[in-house]
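Remarks on the structure that follows.
Naming convention: chains lettered A, B, ... in sequence-line order (proteins, then strands); numbering from 1 in each chain.
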Amino acid sequence: MALDKFFKKAKEPDKQEVQEETNITKKIEVEQAFAQKDREVLTEVIENKEPIAPDISFEGIILDVGYDGTQAKAYILLYNKATKQLQKWYDTTGHLPYLLSDLSETEIKTQYSGVMTHNGFAEMKSIKKFDLLRDKPIAMTKVIAKDPLSIGGRQNSIRNLLENHSWEDYIRYHKCYAYDNQIVIGMPYQVTNGRLNPIHPEISEVIKSQISHLFEGEKEEYLLTLEQYLEYFFSPIPDIRRVAFDIEVFSPPNKIPDAEKAEERITCISFAGTDGLKKVLVLKREDVELGAQIPDFDGEFKIIANERELLLETFRILEGYPIIISFNGDNFDLKYIYNRAVKHLGFQKDQIPLYMTISPQSEVGHFKNSIHLDLYKFFHNRAIMVSAFRNIYKDVSLDTVAQTFLDSSKIILEKPISELTLNELAYYCLRDSEITLKLTTFNENLIMDLMILLMRITRLSLEDMTRQGVSTWLQNLFYAEHRARAFLIPNPDYIRKVKGQASTTAMIKGKKYKGAIVVKPQPGIHFNVVVLDFASLYPSIIKTWNLSYETVNCNHAECQKNRIPETPHWVCTKKVGIMALIIGLLRDLRVKYFKNMAKDKTISNAEKNMYNIITQSLKIIINASYGVFGSEAFPLFCLPVAEATTAIGRYAITQTQKKCEEIGVEVIYGDTDSVFLKSPTQEQIQELIDWSENELQIELDIDKVYRYLALSERKKNYLGVYKDGNVDIKGLTGKKRHMPPFIQNAFYEMVDELKKVNALEDFEDAKRQIRNKLKGCIKKLEKNLYSVDELAFQMTLSKDLDKYVKSIPQHVRAAQLLETKLHKKVDSGDIIQFVKTKGGDGVLPIELAKPSDVSIKKYKQQLESTFEQVLDAIGIPIEELYGVKTRKLDAFI
DNA sequence: GCGGACTGCTTACCT
DNA sequence: ACAGGTAAGCAGTCCGCG
């Protein structure tokens, strides 16, 4: 262990007595969580047999773990930096699939004799596990099978025979293998004499001492886990050789290619590789001109006589690349190539380097000898969109994502793809491959490095991590941590049975428990507003209050006095919760170390980049951690944990409000984890920050400072102007994506006027300017001078058209017209553009609308309500606005 | 048969 | 398939109105 020395001192913690502490605002002290004897159980689970495989020797980072049915062995795919190839290593330990039973060997033999006579049965072993829910060791029988399907997946699998005496049987074998051998995907390993060994990173003395200083006083279990996670962040990440590709398919106008049937020809395939490859294969078509060469085109251009050759050449090019990247290849390119080859071009399945697997929805394509990275899937992940990139891309098309990250603008096609010359088609197609590749290479491989870090933290393969949501990420992370400690992995029913349901009632009908508090805003203009917020509130609560599925409502009578405010729940002070430990650790690493390091001015740009990516990866995991506890999709979900978290959050913000009142600071607004303070003094701010640290054990920071803030009576709605003149707009209608552009523009022009305001007296001028702007807008509207595009609302269709049965909203009506009148196919996820009209259905899709169709009255109303949100806050007298309803605006102007 | 009060649905946003 | 809370607009329903 490379870090043994580093933590030598820390590993001998003072034995602290559990404090008899009833004050709920005090940090919950816990006894050292996992005694050494608990850990020893582990060695019985992980047994390394003698290596049976011979002399291969190399180094690489692990990208995938799988199971090979033909060899009946687990395998690992490593990227070998030296050869730039993927290498497969087959298990040499003789590890076999198994499940656990709470029955003894004898009980199984006598009561479930079918297990012993099962074809796939290998052997049984008595082992010990630790049951966190009951807080005690339990004797279990490990039932080992010769192959995964004998454990589960068939009608007569062993788990079916054992009925409800079977545990951990639902874990896919390759994952079970990775957990047992504590394999961390994304980390460097060495294969020597057939054995697989981790390569531990070198961590400099400076860093070691910085970190050990920061984490002084933490418990042994915490430090051991810290040691493990630090390796994830300090192990080097190689630049992996990879290629992006994209296909174009002939499609008659208004027809979307069907990847299932693959009826039309593949006309073009392009490639862009990290080795500099830029190549386009174009199908020769008698009816299509070659056209003039495109000056910008700098790839290799090759015309291929027939489709069969085109695919063969494609397979030759792709072969040998460790990673093949696509944008939406899962849903389209791979499927299309496979089906085209098999159904129309007479390929045998073994002549294609692809295979299909059946997922619940449809068939998914895989490369046989490479890893397929579908960037669409990754960028589509909500945690990635929201936490990592703060919603900076609004939809997940290649063009939008590329525009956001690469500044590359879309090639606007002047004619349909079906009418492009071969040269034009090649240019267009290659560009897509190039930007797809570039999405993984820009900023020194930022995205690729982020992915590798996420793989290490979640222990998921590249293919899994990029395709699964955060509930799977955290599931895998926690399952691995359970196995590493020989904790029994509880199934959802077991947790529910022991812990029960939620006890609070949500504000929103249909939700499972109560969430956060939003403080009622004080309407008006407020100068010098300071916003304080709790640094990652929920993760902090989870750590400080030791929240985990086993610690909330634990089975110790002594713990029942540690009440969680506003709930009937209590929390354990005897053991560290596994989730509190891991989430707390990741949070601390981010806040106490990496975030500061990223700001360090003395380090190189490359280091800074790396620290930033680490901070990002941690943020994604931490932000998602609370949410999964409340979601049935997460197998360790536990509603008492989720509602305890929000209850403590409510407690924290209300206590803060009280404290503010006590010291004479006015709280004019607040949401979940923030308080907006009206011109507080430096001393008052400092007092609050110190108070929070001492009383709540949660860091309270200055988040932002406004020159002034405009509040209406609406929650989650405000406009603030920072000291530097930049504006911060939240929730206002004018900002919303679905609003017609002419309203958005008018709104931002108003905002520009408000930016200029420095003091109360400046408002008069701003008001005048705004009035003029508004007048102009109305005139233009009345004269029908806005184009249909400027007037269009753009609403997302969140489900397929036929799924709207309870009511038919306007955008759905517009979409229906698109289908019936224009025979245009619309799908879930499409954005429908429509205008509001005088007659008919009251709505028309822009494809069918003329400016004269629109209802001026409705647009005036819309403009009015959009402006009203800001105007009533900046002191337009209430009478002016609340005269006769339809004349609100006239009164103002 | 029409409009107001109401509830529920849908979308977009905030934390 | 990570959570709950809020705003806004419209759809649909019920009720009262001679």
Side-chain angles (χ1 to χ4, degrees), chain A residues 360-361 380-387 390-391 394 467-475 502 504-521 531 533-534 536-539 542 583 620-639 641-643 645-647 649-650 653 669-676 703 712-718 728-739 793-799 803-814 831-832 836 841-843 858 861-862 864-866 868-869:
Chain A
Q361 296 84 31
H380 206 77
N381 183 315
R382 269 189 56 83
I384 297 298
M385 254 196 253
V386 179
S387 284
R390 284 152 68 204
N391 260 332
K394 291 292 179 193
R467 282 170 181 73
Q468 314 283 179
V470 284
S471 72
T472 308
W473 292 4
L474 284 146
Q475 171 192 344
T504 51
T505 318
M507 304 297 290
I508 306 168
K509 216 169 135 188
K511 299 287 185 185
K512 298 179 287 268
Y513 57 93
K514 207 183 191 71
I517 285 179
V518 186
V519 179
K520 216 174 143 217
V531 182
D533 79 341
F534 295 111
S536 42
L537 179 66
Y538 290 163
I542 289 170
I583 294 164
I620 298 168
I621 303 285
I622 294 161
N623 280 356
S625 62
Y626 144 75
V628 299
F629 291 135
S631 161
E632 282 100 337
F634 179 58
L636 297 173
F637 94 107
C638 182
L639 293 180
V641 173
E643 69 175 343
T645 313
T646 55
R650 294 194 295 277
I653 189 170
Y669 180 59
D671 188 348
T672 313
D673 60 355
S674 63
V675 280
F676 289 52
D703 181 29
S712 66
E713 75 287 352
R714 301 165 188 82
K715 294 172 172 181
K716 297 182 188 284
N717 250 272
Y718 59 82
D728 189 23
I729 299 168
K730 299 291 178 187
L732 300 186
T733 308
K735 184 187 165 179
K736 294 197 176 180
R737 183 158 43 92
H738 70 278
M739 287 313 251
F793 287 85
Q794 25 247 316
M795 285 249 204
T796 313
L797 209 57
S798 70
K799 44 192 176 188
K803 301 274 162 47
Y804 289 88
V805 282
K806 288 173 176 160
S807 71
I808 312 290
Q810 293 190 320
H811 66 297
V812 178
R813 188 144 295 162
I831 292 172
I832 309 298
K836 297 188 182 182
D841 293 310
V843 59
K858 285 178 188 163
Q861 274 175 14
Q862 191 75 58
E864 177 184 303
S865 62
T866 305
E868 189 195 328
Q869 287 186 338

To the nearest Å, how far apart are A/I622 CD1 and C/dC2 P?
18 Å
Mind checking A/G627 for me? I need base, sugar-phosphate or nothing, with any heavy atom below 4.0 Å counting as a touch.
base
A/K512: what forms a salt bridge (charged side-chain N to carboxylate O under 4.0 Å, His left out) with it, not counting sequence neighbours?
A/E632
Going by heavy atoms in the side chains, are A/V519 and A/I653 under 4.5 Å from each other?
yes
Using OP1 and OP2 only, check whether a side-chain N or O of A/K735 sits under 4.0 Å from B/dC14.
yes
Phosphate OP1/OP2 of C/dG4: any A/K511 side-chain N/O under 4.0 Å:
yes
Strictly below 4.0 Å: does A/K730 bring a side-chain N or O up to OP1 or OP2 of B/dT15?
yes
note: A/D671, atom CG; B/dC14, atom P; distance rounded to Å ~ 10 Å
List in chain and number order the residues that pass side chain to side chain donor-acceptor pair (under 3.5 Å) with A/D671, two or more places apart in sequence or in another chain; answer none if no residue qualifies.
A/K716
Contact class for A/Q869 (heavy atom, under 4.0 Å): base, sugar-phosphate, or nothing?
sugar-phosphate
Donor-acceptor contact present, side-chain A/S625 to main-chain A/I622, <3.5 Å
yes
Once you round it to whole Å, what is the distance between C1' of C/dG5 and CG of A/L537?
15 Å
Expressed in angstrom and rounded to an integer, what is the separation of A/N717 atom CG from B/dC13 atom P?
12 Å
Does the protein touch nucleotides 6-12 of chain B at the base, only the backbone, or not at all? Give it as B, S and - per nucleotide, heavy atoms under 4.0 Å.
--SSSSB
Starting the side chain at C-beta, find the nucleotide from B/dT15, C/dA11, C/dG5 nearest to A/R813.
C/dA11
Which part of the nucleic acid, if any, lies within reach of A/L732 when heavy atoms closer than 4.0 Å are counted: base, sugar-phosphate only, or nothing?
nothing
Whole-Å gap separating P (C/dG4) and OH (A/Y538)
10 Å
Using only side-chain N and O atoms of A/Y513, determine if any of them is under 4.0 Å from OP1 or OP2 of C/dG5.
no
How do A/V628 and A/A506 order along DNA chain C: which one's closest nucleotide is nearer the 5' end?
A/V628
Would you classify A/A624 as touching base, sugar-phosphate or nothing, given that sugar-phosphate means primed atoms plus P, OP1 and OP2, and contacts are heavy atoms under 4.0 Å?
base
Output the rounded distance in Å from CZ (A/R382) to C1' (C/dA1).
11 Å
Whole angstroms only, please: what is the NZ-C1' distance between A/K512 and C/dA3?
8 Å
Give the C-alpha distance, both sets of side-chain angles, the deciding distance and a yes or no for side-chain contact (heavy atoms from CB on, under 4.5 Å) between A/R650 and A/K514.
CA-CA 10 Å; A/R650 294 194 295 277; A/K514 207 183 191 71; 3.6 Å; yes
Please determine, for the side chain of A/V518, which listed nucleotide (C/dG4, C/dA1, C/dT6) has the closest atom?
C/dT6
Roughly, in whole Å, what's the span from CG in A/D703 to P in B/dT15?
9 Å
Is any side-chain heavy atom of A/Y538 closer than 4.5 Å to a side-chain heavy atom of A/N623?
no
In this structure, CG of A/L474 is separated from CD1 of A/I583 (nearest 0.5 Å) by 7.0 Å
Within less than 4.0 Å of OP1 or OP2 of C/dG9, is there a side-chain N or O belonging to A/S865?
yes
Given B/dT15, C/dC2, C/dA7, the nucleotide with the shortest approach to the side chain of A/S471:
C/dC2
Measuring from atom CH2 of A/W473 to atom CD of A/Q468, what distance do you get when rounded to the nearest 0.5 angstrom?
10.0 Å
According to a strict under-4.0 Å criterion, is A/R650 in side-chain N/O contact with OP1 or OP2 of C/dG4?
no
Below 4.0 Å: OP1/OP2 of C/dT6 and any side-chain N or O of A/K716:
no
